[in-house]
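One structure is given here, and the rest of the page talks about it.
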Amino acid sequence: MTPLPVAVVGVGHLGKEHARILSSMPDVRLVAVVDPNLSQAEGVAMRCNTRAAGDYRAILGSIKGAVVAAPTCHHHAVARDLLQHGVGLLVEKPLASSSEQARDLVALAKANRATLQVGHIERFNPAFEELRSRHLAPRYIVSERYSGFSGRSTDVGVVLDLMIHDIDLVLSLVQSPVASVEAMGVSILGGNEDMVQARVRFENGCVADLTASRVHPEPLRRMRVWGAEGYAGVDFAKRTLNLMQPGEHLRQGRIDTRRLDPATIMSLKTELFGRHVHTTEVDCSTRHDRDQLTRELDDFVGCLRTGDAPRVGGEAGAEALELASRILTSLGAHQWEGMINGAVGPHQFPTIAGRLFAPAERGIQEAA
Ligand SMILES: NC(=O)c1ccc[n+]([C@@H]2O[C@H](COP(=O)([O-])OP(=O)(O)OC[C@H]3O[C@@H](n4cnc5c(N)ncnc54)[C@H](O)[C@@H]3O)[C@@H](O)[C@H]2O)c1
């Protein structure tokens, strides 16, 4: 098989990983790594045994596909140019900075018959794949995604940085139009929003509560889903799926705690999980011998060759951005004091009643 000529555009934190994996694929030829920070590109090129370029326009005629892992604010311009030259793309998440830009890229990919995949990598998380294979029609979803401050992706807020993962996952699970969105959020570090809570109602009645923060002391990535069939909890970091379902006798209403004698109540307390509510944990962490990023890139390379639709195509990326944009609009209008002439949106706070504790109590020296 002739090796497929590809490039990686933007080889910072994530792009260098794409380059490393692509350079080791037998059916791929990594033509170049591209970054305006040439010394960064040269370092990655040396490790990946390829050439470095400061501008993707220098290699346009020699590639069939590219991974775009530049900062989000550059996705649209870079991806637009590459698609116009018929280059198939895997664009890191989010697909672009706005849903209008995303729609433009989707239309261009279609017009140029070019692959357009979006790097919503959690779709390749084996625990999420396991959830999708189960019979569970979501009625209520809670997603939580917390991280410390990474110093990266400051061109966007936490909605486009972290919450976009869960927005995509929720949309892929619910498969119903969005009926309403209510959100609130705050900017802690002065730029875009850093902490956001959003409630999304779908036309089929499902409700999703999404929370994301990028100023959190402990990282956490999890999703909990309830349906008539039972409950599923995904831990994206551990790659485990916890399942619970009521036993048949509970479903048939054969237990009524108002009519039980004290001894039966006691046994119900100790035997609730196991005998009455069945539980199981599925460990998916060792399911594949290749990591999520490699499997995402396998999908990309396969689609470039066959023209098949990727697992997460441009359309899904655009839909995620449409919902993200509604969340951003809602949090921008949130009235913290219940009135328009009070504090509104992520940059304004109501007057504080006082300090929760004195920093000196904990030996903390305050920043000037
Ligand atoms: N899928 C995931 O889980 C995940 C994780 C991290 C980052 N990302 C996404 O990947 C993208 C890059 O994030 P990162 O953390 O690697 O950022 P980064 O800042 O570490 O790297 C970005 C690189 O792009 C280069 N660059 C800047 N302007 C460019 C341009 N016009 N063309 C080409 N390259 C350019 C920079 O010099 C830098 O080396 C972002 O869109 C981010 O949202 C996705």
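Just follow the structure's listing: the first ligand is 1, and inside any ligand the first atom is 1.
Per-atom contact check: atom 19 (O) of ligand 1 does not touch the protein, criterion being a heavy-atom distance below 4.0 Å.
Looking at His120 against ligand 1, nothing comes within 4.0 Å, counting heavy atoms. The parts of Lys93 lying near ligand 1 are both backbone and side chain, judged by heavy-atom distances below 4.0 Å. Heavy atoms of Ala70 found under 4.0 angstrom from ligand 1 belong to the backbone as well as the side chain. Both the backbone and the side chain of His13 come within 4.0 Å of ligand 1, judged by heavy-atom distances. With a 4.0 Å heavy-atom cut-off, ligand 1 is reached by the side chain of Ile121 but not by its N, CA, C or O.
Here the shortest heavy-atom distance to atom 8 (N) of ligand 1, taken over Leu14, Val33, Val67, belongs to Leu14. The nearest non-hydrogen atom to atom 12 (C) of ligand 1, considering only Gly54, Gly10, Ala69, comes from Ala69. Comparing Ala41, Pro71, Ala53 by heavy-atom distance to atom 27 (C) of ligand 1, the nearest is Pro71.
The protein non-hydrogen atom at the shortest distance from atom 1 (N) of ligand 1 is Glu92 OE1, 2.9 Å. What sits closest to atom 21 (O) of ligand 1 on the protein, heavy atoms only, is Gly12 CA, 3.2 Å. Given atom 31 (N) of ligand 1, the protein heavy atom at minimum distance is His74 CG, 3.6 Å. Among all non-hydrogen protein atoms, the one lying nearest atom 35 (C) of ligand 1 is Pro36 CD, 3.3 Å. Closest to atom 17 (O) of ligand 1 among all protein heavy atoms lies Arg152 CD, 4.4 Å.
Distances between N or O atoms of Asp35 and those of ligand 1 include at least one value under 3.5 Å.
Salt bridge annotation for Asp299-Arg311: absent, with no cationic side-chain nitrogen under 4.0 angstrom from a carboxylate oxygen. A salt bridge does not link Lys93 with Asp168: none of the charged nitrogens is closer than 4.0 Å to a carboxylate oxygen. Between Asp161 and Arg214 there is a salt bridge, with a side-chain nitrogen of the basic residue lying less than 4.0 Å from a carboxylate oxygen of the acidic one. Salt-bridge check for Glu129 with Arg134: failed, with every basic side-chain N at 4.0 Å or more from each acidic carboxylate O. Using a cutoff of 4.0 Å between basic side-chain nitrogens and carboxylate oxygens, Glu144 and Arg224 are scored as salt-bridged. Salt bridge annotation for Glu130-Arg287: present, with a cationic side-chain nitrogen under 4.0 angstrom from a carboxylate oxygen. Checked for salt-bridge contact, Asp298 and Arg295 miss the test: no charged N lies under 4.0 Å from a carboxylate O.
By the 6.0 Å and 45° rule, Arg145 stacks over the aromatic ring of Phe236.
The contact set between ligand 1 and Gly119, taken as ligand atoms under 4.0 Å from a residue heavy atom, comprises 1 (N). Applying the 4.0 Å criterion to heavy atoms of Val9 picks out, from ligand 1, the atoms 33 (C).
Residue contacts with ligand 1 include His75, since one or more of its heavy atoms lies under 4.0 Å from the ligand.
Within the model, atoms OG1 of Thr240 and CG of Asp283 stand 7.0 Å from one another, a figure rounded to the nearest 0.5 Å. Put simply, CD1 on Ile121 and CG on Leu14 are 7.0 Å apart, with the number rounded to the nearest 0.5 Å.
A distance-only check finds no donor-acceptor pair linking the side chain of Asp55 to the backbone of Ala58 [under 3.5 Å].
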